[in-house]
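Just below is one structure, and these are the notes that go with it.
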Amino acid sequence: MEYGAPHMTLFVALMVAAAPAVPPAELKSDRLLGALVDELERSKKSLPSTADAPFYYLSYRVLDAQSFGIATSLGVLVDSQQTFDPLAGRLRILDVSARVGSRRLDNTHALRGERDWDLRRTTDQLPIEDEPRALRIAIWRTTDRAYKSAVKQLVKVKTNQQVKVAEEDLADDFSADAPVVQLQPRFAGAFDREAWTVRIKKLSALFKPYPEILKSSVSLNGTGGTAYFVDSDGARLREPRFFARILIGASVKADDGMDLDLYEDIEATSLDRLPTDEVLTQRVQRLIERLLALRKAPAVEPYSGPAIITNRAAGVFFHEIFGHRIEGHRQKDADEGQTFTKRIGLSVLPEFLSVSDDPTRRTFGEIPLNGFYAFDEEGQPAQKASLVDKGILRTFLLGRSPVKGFAKSNGHGRAQPGMATVSRQGNLIIDSTKQLTPAALRAMLIEEVKKRGKPYGLVFEEISGGFTNTRAGGAPQAFKVLPLIVTRVYADGRPDELVRGVDIVGTPLASFEKILATGDDAAVFNGFCGAESGWVPVSAVSPSLLVGDIEIEKKARRHDRGPLLPSPILPAKGGAR
Amino acid sequence: MNALVLTMALSASPDGGIDVIKDVLLPEIARAKTLKLPATENEKPADPPYWVGAFVNELETYDVRASFGALTGRGQETSLQCLPRVRVGNKKFDDSNFADRGSFSFLFGDMGGRGRLSPAELDVDLLRHALWLGFDDAYKSAVERLAKKRAFVQTISVAEPTDDFGPAPVFTFDRPRVPVKVDADQTAALTRRTSAVFLENPLLQEGTAWYRARSSQQTFASSEGAMHRLGEEEVFVQLAVSAQAADGMDLRLRKQFNGHDAADLPSEAELIDAAKKLSAQMTALAKAPVADEDYSGPVLFVDQAAALFFLSSIGDPLSNPREPLGARVEGRMIERLGKRVAAKFLSATDDPTVATWNDGKRAVPLWGAFPVDDDGVQSQRVGLIESGVLKKYYMSRTPTARLKETNGHARGVQGGVGNLFVTTTAPTTRAQLKKRMLELAKDEDLDYGLMVESMGETVPRNASDLRLSAPVLIWKVYADGREVLVRGLSFKTLSGRVLKELEAMGDDPSLLNLEHRGQRTSVVAPSVLVKLMDLTRTRQDFEKPPVLPRP
C-alpha cells in the first residue's frame with residue numbers, strides 16, 4: 001500500500017476563546033494525545049509561578065512520523081540504507097515551549113548583542129509506542145528542562161533590558177491569539193519501499209551510458225505522519241502531514257576544470273501525486289542533454305544588462321530576496337538589516353506587482369504546493385497574508401511574536417521539528433497586472449538590449465537555490481542566486497547561446513526597482529527552505545520577470561584536471577574493459 | 001503496534017555472486033598502478049603510485065532501543081564503504097607520515113585516503129566507477145602532498161630519518177561474514193521488558209535498554225598481492241540509567257553485555273536481574289555523600305576500572321607510535337624501549353590471535369581478536385612489557401626510529417590494542433590488597449583508602465595523554481571494614497611514572513570488552529593497587545533536580 005492523500009475531514013472545528021474541549025473518547029483512543037494533555041495539565045497546575053518568574057504558558061508540539069529514503073546511483077543503492085523493517089524511520093519528536101514573565105516581556109525576548117544557544121534543551125525524542133507511562137516520563141523530563149531554561153533566560157532578558165538602551169520596537173513578546181481546537185484524523189499509510197526502490201534505481205541507471213557524467217544520483221525522500229499541538233490556553237490540534245521529494249542530480253567537468261552540476265527536483269504532498277515513470281524518465285533525459293550541452297558551452301565573462309528570469313527561477317528570486325526580508329522577527333531584531341521595517345504603507349515594488357503568502361492554498365493548477373498547512377507550529381490556523389498590494393507593503397509574515405503595529409499572528413510561525421519557531425514563508429505568490437506573452441516578453445528584452453547598446457541579454461531558466469544575508473554588520477546585505485541554465489539572447493538575431501559559470505549578485509531594493517514587466521506564465525517552484533528554525537517545505541509561484549539590469553559574476557571554480565584514466569564501466573574508446 | 005512476527009535474516013548477504021577481489025579490486029588496482037600526471041611547462045611528469053590498495057567495507061546493523069518499557073526506535077541498515085589508498089614516491093620517502101599544516105589533515109589527522117565513497121549494494125560497475133574516481137583523487141592528492149613534503153625536508157633538518165613504509169610478508173586470508181540473524185519481535189520484547197524494570201524506581205530520569213547486532217566484512221587487496229576477506233559478527237545489550245542526586249549532580253550508570261552472537265548474551269532473566277541491580281546501584285549512588293575533601297593517597301582499581309586503568313596506562317601510550325613529520329611530541333613511553341617502565345612484577349602482552357578467554361566458568365569471547373590487521377598483515381602475539389621492562393610497542397607497516405617492522409597490529413591507520421593481557425608474578429588476594437591499601441593510607445594520615453569499581457569509557461582525544469576518565473563507582477574503604485560509596489571525585493592527570501608506582505596486583509583477572517577508539521578491544525587484567533594518586537573534588541554547579549515528581 002502506498003501513502004494515500006490525507007483525508008481532510010474535520011470532525012471537531014471550533015474557534016472559541018474560552019476553554020474549548022476535546023471529547024474524552026478521543027484522548028483515550030489517541031494515547032499520545034492523551035499523554036500530552038495529561039502532562040500538560042499536571043505541569044500547568046503544579047509548576048511554580050513566582051513573583052520573579054510568573055509561569056504563564058506551556059505548549060507541546062509533536063511530529064509523530066515515519067521518514068523514508070532511497071538513494072541510488074547508476075542503478076544501485078548508495079549511502080547507508082534502511083532495510084525493510086516496518087518500524088525503520090519511525091520517530092516522534094517533542095518540542096516544548098515554556099514561557100515565564102508576561103506577554104509584555106518574557107523569556108523568549110531577543111537578547112541584544114548575543115545569540116542564545118540553549119534552545120536544544122527543549123526538544124527530545126518520545127517513545128514510538130503508545131505506552132502512556134513511558135511517554136509521560138519523556139514529556140516530563142523535557143518539560144522540566146524547558147521550564148528551568150525559561151526561568152534562567154528571563155533573568156538574562158531582564159538584565160539585558162537594564163544594560164542596553166531602550167528598544168525601537170516595543171511590541172509584546174507573545175500575542176493574545178485565541179486557542180483553536182481542531183482534530184483531524186491521524187495520518188494513515190505505508191510506504192512501498194520495494195516498489196519505489198525498483199523505480200528509482202531504474203531512473204539512476206539512465207546515466208550509465210555517459211562516461212562524461214562523473215557523478216549522478218536519483219533519490220526519493222519523504223516523511224508521512226501526524227502533527228500535534230497542545231497548549232495551556234486550551235489549543236488542541238492534530239493534522240496529517242506528508243512530503244515526498246525526488247531529487248535528480250548529476251555533474252560533469254568542463255575541459256577547463258570547471259565542475260558543473262544540474263539538479264531536478266519533484267515534490268509531492270502525497271506519493272500518488274509524484275509523476276509517472278515516463279515523465280520522470282523525460283526529466284532525467286532532459287537533465288543529461290542539458291548537462292552535456294553545458295559542458296561544451298562557453299564560460300561567461302562578468303556582465304550587467306537586461307535579463308529575463310523565467311517563472312520558476314523568479315519564484316526562487318522572490319523567495320530569497322523578498323520573502324526572507326519580510327519575516328516578522330527580523331523587523332524586531334536590532335541586529336537585522338531591516339530592509340522593510342519602516343516601509344509599511346510605502347512602495348516597495350513596481351505598482352503592477354502584488355505579493356501574498358497563502359499556506360491555506362493546496363494546489364496551483366494541478367501542482368501541489370509544498371507550503372500548505374492547516375495550522376502553524378504555534379497552534380495558529382494558516383492564513384493568507386497579503387504582503388504587498390499593488391506595490392505597497394501592507395504587512396509582514398507573523399507568528400505569535402508581535403511586531404510594532406501588528407499584535408496578532410497571521411499563522412506563519414514555522415519550524416522543523418526540534419527547532420524553535422520563527423515566522424517563515426509558506427506559499428509565496430506573486431501576482432502581476434502587467435502580463436505579457438513569452439514572445440512579447442522576449443521582444444521587450446531585445447528592445448531593452450538595443451536601447452542600452454548591449455550586444456545581448458540573458459535568460460535565466462533554472463535556479464538551484466541561493467542565499468541572502470539579511471543581517472546588519474559583517475558581510476554586505478547582498479544576495480546571490482545560483483542559476484543553472486543561462487542563455488544569451490543576441491540583439492542582432494543570432495541564435496541563442498547556452499553559457500556556463502554564472503552567479504547573479506545584487507542588493508535587494510535596487511533589483512526590485514528594475515522589474516519592467518512580467519510574463520503570463522506563472523509557475524510553481526517547490527522546495528525546502530533552511531533558516532534559523534530549520535528546514536520547512538515552501539513554494540513560490542511567480543510569472544517570468546523582465547529586469548532592466550542584472551549583474552552576473554564568474555562562478556568560483558576548482559582547477560583540478562578531469563580523471564586521468566577512462567571510465568571502467570563502458571567499452572568506450574581507450575576503455576580498459 | 002508491532003505487527004512483525006517473523007525472524008528476519010536482514011537482507012540476506014548482498015554479495016550475490018560477486019567476487020569483489022577478482023571482479024573489482026584487482027582490475028582497478030592494476031589500472032591505478034598506471035596513473036600518471038603528465039608533464040607541464042614547469043613540472044616533470046609525476047611518477048605512478050608505487051603501491052596501491054583498497055578496502056571494501058560492508059556493514060549491516062540491527063538496532064532496537066526501548067525506554068521505560070516502550071520502544072523508542074528500531075531499524076536495520078546496510079552500508080558499504082570503498083577506501084582507495086595509494087602511495088607515491090618510494091618506501092624510504094613517500095607522501096605519508098606528514099602533517100601538512102596547510103591542509104585539514106593536520107587538524108584531523110590522516111583521514112586514511114580521500115575519496116571515501118559509499119555505495120550500499122555490491123555492484124561491479126558501481127564499485128569500479130567509485131574506485132576509479134577515488135583512486136584518481138587519492139593519486140592527485142598524494143602527488144601534491146609528496147611535493148609539499150619534499151619542500152618541507154629541504155628547509156627543515158630531520159633528526160632521525162625513518163622509512164615511510166615497512167616490509168611485510170604477503171598474506172591471504174578468507175573468512176566471509178555471516179549475515180545478521182535476529183528475531184525482531186523477540187529482541188523488541190526483550191528490550192521492552194528489561195527497560196520496564198526501570199519504571200519501578202521513581203528516581204530514574206532515563207532508563208533504557210539497547211540491543212544491537214552487527215555483521216561486517218572487510219575485503220582488501222593490494223598491488224603487492226596481499227588479499228583478504230574478513231567477516232566479523234558482534235552483538236550487545238546495553239542498559240543505561242540516569243538520575244540526579246538531591247544536590248543536582250547528574251548521575252549515569254550503564255552496563256553492557258557483549259559477544260559475537262546471541263548465544264553469548266545472558267538470558268532475559270539474567271538481564272532483568274542486571275537491570276534491577278543497576279537500578280539499585282543508582283539509588284545507592286544518588287544517596288551517597290559527596291566527597292568533602294581532595295584525596296591524595298593509595299587507590300585500588302578493581303573490575304572494569306582496573307581494565308580501563310591498564311588500557312589508559314599501557315594500551316594507549318604504546319599505540320600510534322609514529323609521529324608525522326613536522327609534529328613534535330616528547331617524553332612518550334615508547335622512547336623507553338628496553339628500559340624499566342613498570343613495577344617488576346608486571347608483564348603485559350597483546351594477543352589478537354586468541355578468540356576466547358576462560359573466566360573460570362566458561363570460555364568468553366574476546367572482542368579484540370583479529371586474524372589479519374588493517375595493513376593486510378597476519379596478526380601476532382606481542383610481548384609488550386616483561387617484568388617491568390618495555391620490550392615492544394604496537395606496530396603497523398609504518399616504521400619507527402627504534403622498531404622498523406610490523407607486528408601485525410595495524411588498527412585503522414597505525415598500531416593499536418587488540419587483546420591486552422596484563423599479568424603479575426605476585427598475585428595478591430582482594431583482602432590483602434585492601435589491607436595493604438589501609439597501611440599505605442595510614443602513612444598518608446588517612447583513615448580510609450579509595451577503591452574504584454567503575455569508570456566512564458570515554459577516552460582522551462590524544463592517545464599519548466595519560467589521563468583516566470571520570471570514576472563512577474568509588475568506595476571509601478575504612479579500617480573497621482566499612483565500605484562507603486562516595487560521589488564527586490575525579491583523577492588528576494596521571495604521572496608518567498604511574499606504572500612504577502604500583503604496589504601490588506590481584507589474583508582476580510577479569511575481562512572487559514569495549515569499543516575503544518573505534519575498534520573492538522579486549523582487556524584482561526587483575527585489580528591493581530597504586531601507591532599514590534591524586535583525586536580532586538568535582539566543583540561544579542548542578543542544575544536542580546526536577547521540579548515535579550516523575551509521573
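We use all heavy atoms of the structure for the numbers below, so side chains are in, but hydrogens, waters and symmetry mates are not. Since we're looking at a predicted model, the values are computed, not measured. Letters A, B, ... mirror the listed sequences (proteins, then strands); counts begin at 1.
For chain B, no part of A/L135 is nearby; none of its heavy atoms comes within less than 4.5 Å. Heavy atoms of B/Y139 lying under 4.5 Å from chain A belong exclusively to its side chain. Both the backbone and the side chain of B/E206 come within contact range of chain A, judged by heavy atoms closer than 4.5 Å. Residue contact with chain B, scored on non-hydrogen atoms closer than 4.5 Å, involves the backbone and the side chain of A/S43 alike.
Among A/R133, A/K148, A/E131, the residue making the largest number of heavy-atom pairs under 4.5 Å with chain B is A/K148. With chain A as partner, the option from B/T34, B/L37, B/L59 having the largest number of non-hydrogen pairs under 4.5 angstrom is B/L37. Chosen from B/S79, B/A70, B/G207, B/G73, the residue pairing most often with chain A at heavy-atom distances under 4.5 Å is B/A70. Counting heavy-atom pairs closer than 4.5 Å to chain B, the top-ranked of the candidates A/R42, A/R136, A/Q125 is A/R42.
Smallest separation of non-hydrogen atoms from B/P551 and A/E39: CB-OE1, 3.6 Å. Across A/W140 and B/P549, no two heavy atoms sit closer than the pair NE1-O, 3.4 Å. Between A/A134 and B/S67 the shortest heavy-atom distance is CB-O, 3.6 Å. The two residues B/W132 and A/P563 come nearest to each other via the heavy atoms CZ2-CB, 3.6 Å.
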### Task
Assess whether side chain to side chain contact (heavy atoms under 4.5 Å, CB included) is satisfied between B/L35 and A/L565, documenting all intermediate values.
CA-CA 7 Å; B/L35 282 165; A/L565 300 174; 3.8 Å; yes
### Query
What do the steps show when you test A/R141 against B/R550 for side chain to side chain contact (heavy atoms under 4.5 Å, CB included), and what is the final call?
CA-CA 8 Å; A/R141 213 164 47 211; B/R550 203 180 77 179; over 6 Å; no
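A/D144 has its side chain out of reach of B/L548: every pair of non-hydrogen atoms, C-beta onward, lies at least 4.5 Å apart. You'll find the side chain of B/P38 reaches within 4.5 Å of the side chain of A/L564, heavy atoms only. Put simply, the side chain of B/T72 does not reach to within 4.5 Å of the side chain of A/I128, judged on heavy atoms. With a 4.5 Å cut-off on side-chain heavy atoms, A/S216 and B/H129 do not count as touching.
When each of A/V76, A/I569, A/V78 is checked for a side chain to side chain contact (heavy atoms under 4.5 Å, CB included) with B/D123, only A/V76 meets the rule.
Note on A/K201 versus B/E121: salt bridge recorded, some NZ/NE/NH1/NH2 to OD/OE distance being below 4.0 Å. Contact check on B/E543 versus A/R145 returns no salt bridge, with no Lys/Arg side-chain nitrogen under 4.0 Å from an Asp/Glu carboxylate oxygen.
Judged by distance alone, with hydrogens and angles left aside, the side-chain atoms of B/D125 form no donor-acceptor pair with the main-chain N or O of A/L74 at under 3.5 Å. In this structure, B/K140 contributes its side chain and A/R561 its backbone to a donor-acceptor pair below 3.5 Å.
In this structure, the separation between CD1 on A/I137 and CD on B/Q205 is 10.5 Å, given to the nearest 0.5 Å.
Within a 6.0 Å sphere centred on NZ of B/K36, heavy atoms belonging to other residues, nucleotides or ligands number more than 12.
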